[in-house]
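Residue numbering restarts at 1 for every chain, and letters A, B, ... go by the order of the sequence lines. If you're wondering where the values come from, they're calculated on a predicted model, not measured in any experiment.
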Amino acid sequence: MELVAPDLHARICAFYDEYGFVCDDEIERWPDLFTDDATYKIVSRENHERELPLPTMSCDGRGMLRDRVTSMLRTSVYVPRQIRHLIANVRITGREDERVGTIANFAVFESFEDTGSRILAVGRYYDLIATSGPELRFKEKVCVYDGNLVPGSIIYPL
Amino acid sequence: MELVAPDLHARICAFYDEYGFVCDDEIERWPDLFTDDATYKIVSRENHERELPLPTMSCDGRGMLRDRVTSMLRTSVYVPRQIRHLIANVRITGREDERVGTIANFAVFESFEDTGSRILAVGRYYDLIATSGPELRFKEKVCVYDGNLVPGSIIYPL
Amino acid sequence: MELVAPDLHARICAFYDEYGFVCDDEIERWPDLFTDDATYKIVSRENHERELPLPTMSCDGRGMLRDRVTSMLRTSVYVPRQIRHLIANVRITGREDERVGTIANFAVFESFEDTGSRILAVGRYYDLIATSGPELRFKEKVCVYDGNLVPGSIIYPL
Amino acid sequence: MTIGSIRTPPWARIPYDIYSDPSIYEREQERIFWGRSWNYVGLEAEIPRHGDFKRTAVGDRPVVLARDKDGSIGVFENRCAHRGVAFCYRTHGNAKALQCPYHQWTYDLRGNLIGIPFRKGFQGQGGLPDDFDPAEHSLTKLSVTTRNGVIFASYADGMEPIEAYLGEILPWFDRMFDGRELRVLGYWRQRIECNWKLIIENIRDPYHATLLHVFLVSFGLNRADQPGRVVFDSHGRHYAAMNERLDRDASAEAKREMKSIMDLQLEGPKLLDVIREFPGRETLVMQTIWPNIILQQQSNALAIRQVITTGDPGGFDFHWTVFGYATDDEAMTQRRLRLANLMGPSGLVSIDDTEVVELTQKGTGPFSEAQGVIEMGGLTTGDEDHVITEGPLRAFHKYYREVMGL
Amino acid sequence: MTIGSIRTPPWARIPYDIYSDPSIYEREQERIFWGRSWNYVGLEAEIPRHGDFKRTAVGDRPVVLARDKDGSIGVFENRCAHRGVAFCYRTHGNAKALQCPYHQWTYDLRGNLIGIPFRKGFQGQGGLPDDFDPAEHSLTKLSVTTRNGVIFASYADGMEPIEAYLGEILPWFDRMFDGRELRVLGYWRQRIECNWKLIIENIRDPYHATLLHVFLVSFGLNRADQPGRVVFDSHGRHYAAMNERLDRDASAEAKREMKSIMDLQLEGPKLLDVIREFPGRETLVMQTIWPNIILQQQSNALAIRQVITTGDPGGFDFHWTVFGYATDDEAMTQRRLRLANLMGPSGLVSIDDTEVVELTQKGTGPFSEAQGVIEMGGLTTGDEDHVITEGPLRAFHKYYREVMGL
Amino acid sequence: MTIGSIRTPPWARIPYDIYSDPSIYEREQERIFWGRSWNYVGLEAEIPRHGDFKRTAVGDRPVVLARDKDGSIGVFENRCAHRGVAFCYRTHGNAKALQCPYHQWTYDLRGNLIGIPFRKGFQGQGGLPDDFDPAEHSLTKLSVTTRNGVIFASYADGMEPIEAYLGEILPWFDRMFDGRELRVLGYWRQRIECNWKLIIENIRDPYHATLLHVFLVSFGLNRADQPGRVVFDSHGRHYAAMNERLDRDASAEAKREMKSIMDLQLEGPKLLDVIREFPGRETLVMQTIWPNIILQQQSNALAIRQVITTGDPGGFDFHWTVFGYATDDEAMTQRRLRLANLMGPSGLVSIDDTEVVELTQKGTGPFSEAQGVIEMGGLTTGDEDHVITEGPLRAFHKYYREVMGL
Ligand code: FES
Ligand code: FES
Ligand code: FES
Ligand SMILES: [Fe+3]
Ligand SMILES: [Fe+3]
Ligand SMILES: [Fe+3]
């Protein structure tokens, strides 16, 4: 266990809470939670562990994050669904300058208009959070999902 | 992100922890977590989003909360089950007078005596918490479940 | 709700976060999170409620915890899998001398190399944490899983 | 499957393979849902405006209902005439035309094919053959009828008018749907792990109410000594049961039979703040309309419960539409919504029913050669002036056997 | 399915369709579980007092066992004689009588119908026909027998006494169940994704233990040079294998064959603090009693493992009852509980078995025309003085083919 | 199933039972995957060194491919010759020999049985019969061939060489696999809830791209006026479609047909930073190689998509292998990885395809007697110089019907 100023840990937990909320219900704001030059990746555990570089989704910079949102909201064709994040076990793994390394576990569920809920993905975040601004922002976010076999598609961010 | 006195956020998180505990294992105490004039509702996302007023379960005041408990414990006929709450991503959304608006994500699992565990419901709470008394109490609690198709019944509170 | 020094609650939450992390990804360190004389048990809700003493897994002392790890890593034959803990609703239930009684809810998911993720177990921890050393340690840990019918095997700790 | 003797007609027994056998299930689809029946598909109030559409199903088959410009309603399969995409993937919406996402074949609100991109090819190449006739490639349309705001569809040609179809049950149908504009208050959807017929039978079994529903009985809401009766259309396929709430105490005889009485008091009595709104003395009217709905009037709580089969003899989706009238004032709406606590996935009454029908699937599934016994009330299948009878179940099985050729 | 030649009798091969084919599965239910067999259903210690009941299953069929006032035991189907509800929805309990929730038909603890609400109607209306005879509408009862606290049930009439049924295996059965009162220490339940026979075969395969179970071998708990043998009843349907633990080091020959040996030391040696409690030199006795149980005595760890089929050739529920004797002192109970770490869903030994049987389902499912080869130990099917044999598997398949008419 | 008339040949219709009928599914396994076909199983680059192995499947059947000492490749069933364990339970690895965990029967990297513990018994007892011939108990081996680093396997004897098998499609295959060493960049795995043929048909349907894929169209990446064409082998079982990206604006005619155009601009244009790397003007080449793969070259994004059936007509596992060349510099690798955003489980293009094929299963499943209509581009089944055609689908169904005997 790292010794960390409790307020930083609390701020980071609150930031993850915000992240989950935004993914689930205010997807247009999703890019705002990243720094301009942030990288975002969704990666299968298989590729992650075998050190194969292929991501399932990747955005390099806020422009690409915004393009993803455009596709979710305007261009992609898909059956409507609601995702729901549960984020827990947030841990600070390192700290240097104005960046904090964090990990956290996630479970993301998905529900369709006339079905129940199912597991979309569970896994772990490996993140780098920029602490320099007034608000925390992801500088890097890597979402590693454990179940390599994706049920259908991952349309919204994990 | 709201700026909130950290102790209030911690108290609220602890209150949600208590709520989950009581729902899962001390259901008789469930009405005690509400104010006398509280309203409690379980609502499908479908009705919630379409602004259709139909709740799946609703209690108006503590008397009705207690009647629900009576039915769970004494009058309803159902195969015994254990529910289990995971509550995460608690956020304070507003504050006025002695009330705090909060949201949180929940996953509720259910298990029968000779089966494994399955998802009963995942979704979000939209709550109003009264902070005036010595203990926090729900003034309003709305549990919106994402998977509109309920597997069987929702007998215990979400 | 117990009144507890907030820093203790935070330390305990961090300890659970650590525990989940270690179970999922650094299993060799798992015994280190226990005191030398700790007892660890996984118990079905059925046995727990009927007061039947049979555990599903039990370790009495750190030696047995280490033997379990040896079996997971070296001797047991099983299809590779990744488990993932979500721990929430951590509550302090009592405190005396240098021990804190805690409960928490868990959901543990499992994923295989070419499948999606499924629920392995959900349930509740009933723990006793030793606070005397520089780091928190479990003195007793009882993992009660709700879904009595285990899907296959529980190989890694809950 | 040979059932029946001089004493016991076949319909006084329920052969349990009808709840689990896949070939019987398939025959049900053909003969019942896709046969000579009017299937409920929705309410006019759900698609009030031009372009409104709603997705639902007739048995296993997905269909769409839509409101055309002239106010008429089309019901057609949710299966693109091109290559079979279930093109309508929202539960409801509003659109000028319905477009399949795959190749954007476009249909009007009656299901007619009105647009095919690249039909004439592109830059002189490709396209459909000159003799391709879009008129032959419309969506499969169902016959449609409505009565007082309720929409029915049928795969059969030349179906009798809905009024003739409902027959003797029509007055009861009209009591609930009296021409007033309806207001949908919301939906419930449940997955119930049992054969679809079990929930229909549950309603056609007035005998169980004072025994199973301890909540009703203990809080004095339902009693064996309440006057009740059951009526049918001439085929016995539709059914209505009525009860009157009494204000005097339960009789000793009633208490003796209803062993589960606990004499409880509501702490939140507002739950049952009901008022009389329909003519007649009946406070509870439950109906089943062959083949796919249940109509409920429990005091002021009104609902349509629709059975959606899903290719599985052992389970179905149960869609509830809870409604009131456009003329309801706020107090009435609140009354209906509070009373909704009795019904649906968390219904103080419905919970019991959901559980017992699922337990019946568990109890009958591994016993394909066993039979249920439905002799309460004798061997009658007609109208009766009391509810201590399984006549409605016998009538159901008599008609079911006839349609199914069993 | 033609198997066999002069050299190779049919039972030296395992045709893989028996693990996946639904029609074979159905025939197994009829001929094996519901045929001429005594199925384990529970222990007397689980229902010691008047009114105690327990829910379990015989093959796919849910049944209940209950203790009557006179101490006798009834076993009957968990299917209400009225309309088929699996009325007993708790795993166990205590009740004066068993009541179905749907219409409260009530049965005594032998399964006799003793109460029907509104049987005579109400206020002179309804009710059952006068000639309705409750005696004809009891729950379906199974034959019951017990031996030394173990309860068996059968669908067949005129079954031989359990002692004759167990035949030559009786002494081994009696070794574990010697008349002492049993104490249930707890239950495990697992869902295993393979055909039920694979777990029975796993036990009837003493050849795998020193090869698969690296834990046992590496910590010196199981070795090829331990004396062992296998015995059967005259049909070959029941089976027992015995091993003796040796204290000397493994022989060179043993080490050569058991390639996975790692020579590890337990850091928590208390795990294996065992004492000799049964007569004879055997420390490990595993039995299979046709058709549905495995009996385990691994030093002081005692368990019954029951197969519950669930309508699915590709999976079953596995119910373990772990027990000791009422006379055990606390130290002995703790010993049994610690040793339980070897077994069950987290068993240091059982994990391996669970995995390989599931992998066998994966490996055989898509190969319905392929066969397994069981020739280890020659082509024998009888008792042997060693355990490097697949004779017990051949004996199983010989009897299985006979019963199944394959 | 009678389809076809003078005007309409049978292959201009798709009978929907081929997507759901279990008996058709089984016949497909026998005749297609396990019949006279070369099934893709992997890349040489995945098992470069001696002892490397990979687990995959041919239709429903699990197989393993492994690299032997001499550099040759073996492909054999993942089913232990002893009792059927799917012994290889890792997706990949390196081993000197493959050992089944159950009884440690050991196979060399060609699938030959080379080790049987206790084959000669132990201490003079047990063991296999003297005449037991390990050579008769090897793993079932498939025929293997490779071309330029791509590995195929077949259950059929005497298959034609892969070059002859690929026929006229060979140059297109060789364009992607030109002999350069490949570098695997990673894998994707998806569970898709539809019949496996629907995803093959999706690729053989060049007509949908400018209609379904709003992302491509709106950002100007795909347009109807891009030159394109389709080619086949002589059987019509393999297929390639090519497109050229144009730099001029879309024509008015193109815009008219592609109604979903939105004229958007990428905020992160780096996504589409592509360079020309293959000879010729084609920027997009999609191929299907009968029966189980799709080859994709979308500018610099290269992938093999493999269909793994799983015993279920209504769903399959879809395994993607994304690759580049060993000679790629870092910039090229990054380019491929960025462009990978178009494909896979989160692909800006693939999402659409995954959704429509699943919707097709929903739309066709309950309509086993209905048919799809594939007449775009006339009734041709051969090469064409444009992509406004369903010729590739007709060619597919023509060959499919032939192989299946439908
Ligand atoms: S499948 Fe609907 S337009 Fe092609
Ligand atoms: S079904 Fe059991 S009493 Fe009616
Ligand atoms: S099953 Fe593979 S070695 Fe026995
Ligand atoms: Fe009811
Ligand atoms: Fe074993
Ligand atoms: Fe496409």
Side-chain angles (χ1 to χ4, degrees), chain D residues 7-8 12 14 16 19-20 198 201-202 205-214 224-225 227-229 251 253-254 256-260 314 352-353 355-368 370-380 384-391 393, chain E residues 22 26 29-30 33-34 55 57-64 77-90 97 99-106 113 115-134 136-140 155 308-312:
Chain D
R7 180 187 169 285
T8 320
I14 304 176
Y16 288 155
Y19 298 137
S20 299
L198 284 164
E201 291 174 0
N202 174 264
D205 167 18
Y207 167 39
H208 81 268
T210 54
L211 297 166
L212 171 62
H213 298 303
V214 183
D225 54 0
R229 61 210 168 89
S251 69
E253 183 187 2
R256 190 174 58 240
E257 298 291 329
M258 304 183 303
K259 294 199 172 55
S260 45
D352 304 337
D353 291 315
E355 294 292 305
V356 294
V357 293
E358 291 196 346
L359 286 171
T360 306
Q361 191 69 24
K362 285 192 184 134
T364 59
F367 300 96
S368 58
Q371 304 173 7
V373 175
I374 43 178
E375 301 197 0
M376 187 58 65
L379 301 173
T380 56
E384 294 182 81
D385 280 344
H386 65 97
V387 295
I388 309 299
T389 179
E390 294 177 319
L393 289 175
Chain E
E26 272 176 46
Q29 293 291 323
E30 292 290 344
F33 298 105
W34 308 335
R55 180 160 59 85
V58 171
D60 286 354
R61 290 186 177 161
V63 303
V64 174
E77 290 180 351
N78 185 14
R79 166 173 67 83
C80 181
H82 178 213
R83 280 180 50 211
V85 170
F87 58 89
C88 178
Y89 53 77
R90 303 221 59 136
Q99 193 174 69
C100 176
Y102 208 167
H103 312 85
Q104 301 186 4
W105 285 29
T106 305
L113 180 56
I116 304 180
F118 301 113
R119 178 178 170 190
K120 300 292 175 202
F122 185 74
Q123 297 176 334
Q125 290 181 302
L128 287 170
D130 289 339
D131 64 354
F132 181 94
D133 180 4
E136 287 175 14
H137 297 275
S138 289
L139 299 174
T140 301
Y155 272 97
I308 308 271
T309 61
T310 60
D312 174 7

Select, from E:G84, E:P62, E:A57, the one with the greatest count of heavy-atom pairs under 4.5 Å involving chain D.
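Going by pairs under 4.5 Å, I would pick E:G84.
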Would you mind checking which part of E:D60 comes under 4.5 Å of any heavy atom in chain D, side chain (CB onward), backbone (N, CA, C, O), both or neither?
both
Using non-hydrogen atoms only, which part of E:C80 is less than 4.5 Å away from chain D: side chain, backbone, both, or neither?
backbone
Taking the side chain as everything from C-beta on, heavy atoms only, tell me whether [X] gets closer than 4.5 Å to [Y].
| X | Y | value |
| --- | --- | --- |
| D:E201 | E:R83 | yes |
| E:E77 | D:F367 | yes |
| D:M376 | E:I116 | yes |

Heavy-atom distance under 4.5 Å to chain E: side chain of [X], backbone, both or neither?
| X | result |
| --- | --- |
| D:Y207 | both |
| D:D205 | side chain |
| D:T210 | side chain |
| D:T389 | neither |

Answer yes or no: is there a donor N or O on one side and an acceptor on the other, between the side chain of E:Y102 and the main chain of D:V357, under 3.5 Å?
no
Between OG of D:S368 and CD of E:Q29, what distance do you get to the nearest 0.5 Å?
10.5 Å
Once rounded to the nearest 0.5 Å, what's the spacing between atom CZ of E:F122 and atom CD1 of D:I388?
7.0 Å
Ignoring hydrogens and angles, state whether a donor on the side chain of D:E390 or E:H103 is under 3.5 Å from an acceptor on the partner side chain.
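No, no side-chain donor-acceptor pair sits under 3.5 Å.
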Distance-minimising heavy-atom pair for D:A370 and E:R79
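Closest pair (atom of D:A370, atom of E:R79, distance): CB-NH1, 3.4 Å.
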